[in-house]
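Structure record follows, encoded as structure tokens.
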Amino acid sequence: MAIFVRTKTFLEEAGSLAKFTGQFLFMGKQSRYEVREFLVQSYTIGYRSLGLVGLTGFIMGLVLTMQLQPSLARYGVQSELPGMVAIAIIREIGPVLTALVFAGKIGSSIGAELGSMKVTEQIDAMEISGTNPFKFLVATRVIAATLMLPVLTILSDVICLFGSFLGVNMGYETSFKLFFNEVIQHLSFNDLFPALIKTFFFGFAVSMIGCYKGFTSSKGTRGVGNSANSAVVIASVTIFIMDLLAVQIANLLNLN
């Protein structure tokens, strides 16, 4: 019996989220755009996330290199390390790791912020004053997140490769030019393009889920906390599902 209740709840939640997303897409047809708020959200979502994303990417590149280096040296293919690390970072680790960090920071922030506004009736006050809260709160955050996550991913990839370069030099000396020449030789358009495209969808999903959970937050502080927590969990699972679909589509299009 419990499984049917959970299935019903899941389907209702999925339907509500789909309806919420459809409302956002419909809003794009209206003529008024909140440009100022969009710029504020782009700064908040993008620039203020750079430190955490960069630190995570740097540590991941360093650790990945230090883990792979002894194994490759054992088989005498240590020269392939820059190319292997670059492909792994650009194709999967960079986009997915950045999106997960993004979901933890931005998804929870959006869910908590809009949830607080919901329970304190600030959203209702905006409607009464003539401001469209969906356009002002949701559209600006979703568009900003959709555009900022690819930029953060590119920066994270670069920082991650720099961390990998430092990791290589911990075992043996190699020049900066030689390392990145090896990286560029092993990368192709098929590595870069699919990885970049899917980050737009990751950013859209994270921000849309965060906004949805905030707008549907229940009354009280516990409801706000639950909204922030569930936004991160659902967004993280969605990222993995979308990444799996992206890999399958890339395989069908011979982009891998």
With a 4.5 Å cut-off on side-chain heavy atoms, are [Y] and [X] touching?
X      : Y      : answer
Thr174 : Glu182 : no
Arg141 : Glu37  : yes
Ser49  : Leu152 : yes
Met242 : Lys198 : no
Glu80  : His186 : yes
Ser71  : Leu68  : no
Ile110 : Ser207 : yes
Val206 : Leu149 : no

Step through the shown structure and confirm whether more than 12 heavy atoms of other residues, nucleotides or ligands are within 6.0 Å of CE on Met66.
->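 Atom CE in Met66 is not packed in, count stays at 12 or less.
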So does Phe201 have more than 12 non-hydrogen atoms from other groups sitting under 6.0 Å from CZ?
->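 No, not enclosed.
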May I ask you to check whether [X] and [Y] place their ring centers less than 6.0 Å from one another?
X      : Y      : result
Phe165 : Phe176 : yes
Phe102 : Phe202 : no
Phe162 : Phe180 : no
Phe204 : Phe200 : no

Run the numbers on Glu92 and Asp243 for side chain to side chain contact (heavy atoms under 4.5 Å, CB included), then give the verdict.
-> CA-CA 9 Å; Glu92 283 299 320; Asp243 186 54; 2.7 Å; yes
Can you name the closest pair of heavy atoms from Val183 and Pro82 and give their distance?
->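 Scanning both residues completely, I find the closest heavy atoms to be CG2-O, 3.9 Å.
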Group every Ile, Leu, Val, Met, Phe, Trp and Tyr by side-chain heavy-atom contacts under 4.5 Å, then state whether [X] and [Y] land in the same group.
X      : Y      : answer
Met170 : Ile89  : yes
Tyr43  : Val101 : no
Leu252 : Phe193 : no

Decide yes or no on side chain to side chain donor-acceptor pair (under 3.5 Å) for Thr199 and Thr153, but give the supporting numbers first.
-> CA-CA 8 Å; Thr199 58; Thr153 301; 4.6 Å; no
Decide ring-ring contact (aromatic ring centres under 6.0 Å, His included) for Phe215 and Phe20; before the verdict, give the C-alpha distance in whole Å, the side-chain angles of both, and the deciding distance to 0.1 Å.
-> CA-CA 10 Å; Phe215 257 63; Phe20 190 83; 5.8 Å; yes
